[in-house]
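Mind having a look at this structure? Questions to follow.
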Amino acid sequence: RAKKSLTANYEYYAPEMEEKTTWRLGMIRQLRSDFAERKLELWYQPQVDLVSESVVGMEALLRWPAQEGGYISPAVFVPLAEYSGLIIDIGAWVLEEACNKLRLLHERGFPQLRVAVNISMPQFRDPQFISLVKQCLIQTSIDPKSLELEITESVVMDEPQIVVDSLKALKEFGVTIAIDDFGTGFSSMSYLQKLPLDRLKVDRSFVSEVNAGKSAFIAETIVTLGNKLGLQTIAEGVEKREQASYMLRLGCDEAQGFLYAKPMPFDELQVFLDNYQVRN
Ligand code: C2E
Ligand code: MG
Ligand code: MG
Ligand code: MG
């Protein structure tokens, strides 16, 4: 019923829509004040080289502590942050925080690690975005190639020209670029030609079912496509040994998933790195 009212016939008044709007506004208000009080956290999930199994980098992932304990999923609150425009400030903080922490790791004996940061569409529309990225790198004196920006296919399709122009400028500066959740976006693949990409992230949905026919073929096709285009590939959501070995056999370069480590706070990441093989 809710779905039907969403198809925009305003004569059918649906109380649950109003509830939803109220809930959303409440969440946004809380997110704004929690962000202002520096309550958001940035966690990190290691990424490993599939051949050597050494850590090559990590993805930075937002965490929003809930009042009742636990965390509100970024899958829930990032869309609200985008919708409200808060993602501009939150995203700027994520970039700074990720670069500062990477700088620390570089100083503490892991000079080869990179960090990947997820970027939303509103950030590309922000005229300050490119200079913000450059600022972060200059202030921390991080080699730009150690910063990777992750964008989804939907971001690319949303407003191709803005994204193409921004990515070209950032790429010229030396930053690397990955397409996130690759294969889930129902989009034209022509952007693979237009964008200065470095890496394809094979979506978890294809990796998790590499034992079952179709997903395995899709995973294989994405890795082959990446290899032929001269792009690096990374498998997302690797939870089982056999998924890792299957992806390795396909020629996939890297992996990320619970098999190696879940996302964790920075302090835990440091302990993890002290006890794990790290590329140097
Ligand atoms: P994503 O960028 O595709 O991130 C990967 C998600 O997969 C993360 O969920 C991670 O915790 C989860 N994951 C990793 N390995 C495994 C595994 O082996 N099994 C399973 N089942 N899941 C795994 P998370 O942290 O909940 O983030 C969800 C999404 O929220 C992210 O998807 C990303 O799109 C968005 N997000 C997170 N942080 C940020 C941020 O700082 N900025 C923006 N714009 N978006 C963010
Ligand atoms: Mg990502
Ligand atoms: Mg992803
Ligand atoms: Mg995914």
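Every number for a ligand or one of its atoms is a count from 1 in the order of the listing.
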Fill in: Gap between atom CD1 of I222 and atom CG of L231 - 0.5 Å precision
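If we round to the nearest 0.5 Å, L231:CG and I222:CD1 are 12.0 Å apart.
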
Worksheet item: Salt bridge or not for E242 and K240, using N-O below 4.0 Å?
Response: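 No, no charged N to carboxylate O under 4.0 Å.
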
Discussion item. Would the distance check show the side chain of S84 and the main-chain N or O of L80 forming a donor-acceptor pair, the cut-off being under 3.5 Å?
Written reply: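 Checking the backbone N and O of L80 against the side chain of S84, a donor-acceptor pair under 3.5 Å is found.
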
Discussion item. With a 4.0 Å cut-off on heavy atoms, is E236 in contact with ligand 1?
Written reply: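 It does, in that a heavy atom of E236 comes within the 4.0 Å cut-off of ligand 1.
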
Practice prompt. Would you mind naming the N, O or S atom of E236 nearest to the Mg ion (ligand 3)?
Written response: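 Considering only N, O and S atoms, E236 comes nearest to the Mg ion (ligand 3) through OE2.
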
Discussion item. Side chains of E53 and Q277 only: does a donor on one sit below 3.5 Å from an acceptor on the other?
Written reply: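 There is no such pair between these side chains.
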
Discussion item. Is the shortest side-chain heavy-atom distance between T152 and I179 below 4.5 Å?
Written reply: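 No - every pair of side-chain heavy atoms lies 4.5 Å or more apart.
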
Discussion item. When you measure from the heavy atoms of E59 to every atom of ligand 1, does any distance fall below 4.0 Å?
Written reply: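 Yes, E59 has a heavy atom closer than 4.0 Å to ligand 1.
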
Worksheet item: If you measure from atom 33 (C) of ligand 1 to every heavy atom of L42, N118, L62, which option wins on shortest distance?
Response: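 That would be N118.
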
Item to complete: Taking only heavy atoms of E239 into account, list the atoms of ligand 1 that are under 4.0 Å away from them.
Response: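 Once the distances to E239 are compared, the set is 17 (C), 18 (O), 19 (N), 20 (C), 21 (N).
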
Worksheet item: Is the backbone of E239 close enough, under 3.5 Å, to the side chain of Q243 for a donor and an acceptor to pair up by distance?
Response: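 A pair under 3.5 Å: yes.
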
Item to complete: Please identify which atoms of ligand 1 are closer than 4.0 Å to at least one heavy atom of V94.
Response: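 Those qualifying, in numeric order: 41 (O).
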
Discussion item. Using 2.8 Å as the threshold, say whether any N, O or S atom from D203 sits that close to the Mg ion (ligand 3).
Written reply: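 No.
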
Practice prompt. Could you tell me whether D198 and K171 make a salt bridge, using a distance below 4.0 angstrom between a side-chain N and a carboxylate O?
Written response: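 Result for this pair is yes, salt bridge flagged.
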
Worksheet item: What atoms in ligand 1 come closer than 4.0 Å to a heavy atom of G257?
Response: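 In order of numbering, the contacting atoms are 15 (N), 18 (O).
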
Worksheet item: Do any N or O atoms from the side chain of Q256 and from the backbone of Q47 form a donor-acceptor pair under 3.5 angstrom?
Response: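 Not confirmed, Q256 side chain does not pair with Q47 backbone.
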
Discussion item. For ligand 1 and D181, I'd like to know whether there is a polar contact (N/O to N/O, distance under 3.5 Å).
Written reply: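 Yes.
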
Worksheet item: Among A235, S208, P74, whose heavy atom sits nearest atom 35 (C) of ligand 1?
Response: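 Answer by nearest heavy atom: P74.
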
Worksheet item: Counting only N and O atoms by type, is there a donor-acceptor contact under 3.5 Å from the side chain of Y246 to the main-chain atoms of A216?
Response: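 Side chain of Y246 to backbone of A216, a donor-acceptor pair under 3.5 Å: yes, one is there.
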
Item to complete: Could you tell me whether V238 approaches ligand 1 through its side chain, its backbone, both or neither, with non-hydrogen atoms closer than 4.0 Å?
Response: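 Only the backbone of V238 comes within reach of ligand 1.
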
Worksheet item: What N/O/S atom of D181 is the closest to the Mg ion (ligand 3)?
Response: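 Looking only at N, O and S atoms of D181, the one nearest the Mg ion (ligand 3) is named OD1.
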
Discussion item. For the Mg ion (ligand 2), give me the closest N/O/S atom belonging to E150, just the atom name.
Written reply: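 Atom name returned: OE1.
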
Worksheet item: Does the D181 side chain pair with the main chain of T184, one donor and one acceptor, at a distance under 3.5 Å?
Response: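 Checking the backbone N and O of T184 against the side chain of D181, no donor-acceptor pair under 3.5 Å is found.
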
Discussion item. If I consider every N, O or S atom in E59, which one ends up closest to the Mg ion (ligand 2)? I only need its name.
Written reply: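 This turns out to be OE2.
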
Worksheet item: Side chain or backbone of Q45 under 4.0 Å from ligand 1, or both, or neither, by non-hydrogen atoms?
Response: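 Side chain only.
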
Discussion item. Less than 4.0 Å is my threshold; does some heavy atom of G91 fall inside it relative to ligand 1?
Written reply: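 In this structure, G91 fails to qualify as a contact of ligand 1 - no heavy atom is under 4.0 Å.
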
Item to complete: Could I get the full list of side chain to side chain donor-acceptor pair (under 3.5 Å) partners for Q123, not counting sequence neighbours?
Response: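 Residues passing side chain to side chain donor-acceptor pair (under 3.5 Å) with Q123: none at all.
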
Worksheet item: With a cut-off of 2.8 Å, does any N, O or S atom of T152 fall short of it relative to the Mg ion (ligand 2)?
Response: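 T152 does not place any N, O or S atom closer than 2.8 Å to the Mg ion (ligand 2).
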
Worksheet item: Hey, is R63 touching ligand 1 through its side chain, its backbone, both or neither, going by heavy atoms under 4.0 Å?
Response: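 Near ligand 1, R63 shows its side chain, while the N, CA, C and O stay back.
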
Worksheet item: Between Y260, W64, F258, Y71, which one has a non-hydrogen atom sitting closest to atom 17 (C) of ligand 1?
Response: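 Nearest option to atom 17 (C) of ligand 1, by heavy atoms: F258.
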
Practice prompt. Give the intermediate values and the outcome of salt bridge (Lys or Arg N to Asp or Glu O under 4.0 Å) for residues K201 and E59.
Written response: CA-CA 12 Å; K201 298 195 75 176; E59 178 173 5; 2.9 Å; yes

Worksheet item: Looking at the Mg ion (ligand 3), which N/O/S atom of D180 is the nearest one?
Response: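 So the atom name we want here is OD1.
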
Worksheet item: Is a side-chain donor or acceptor of D126 paired with a backbone partner of P122 at a separation under 3.5 angstrom?
Response: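 Pair absent, no side-chain N/O of D126 close to backbone of P122.
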
Item to complete: Would you please determine whether K262 falls within less than 4.0 Å of ligand 1 on a heavy-atom basis?
Response: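 No, K262 has no heavy atom closer than 4.0 Å to ligand 1.
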
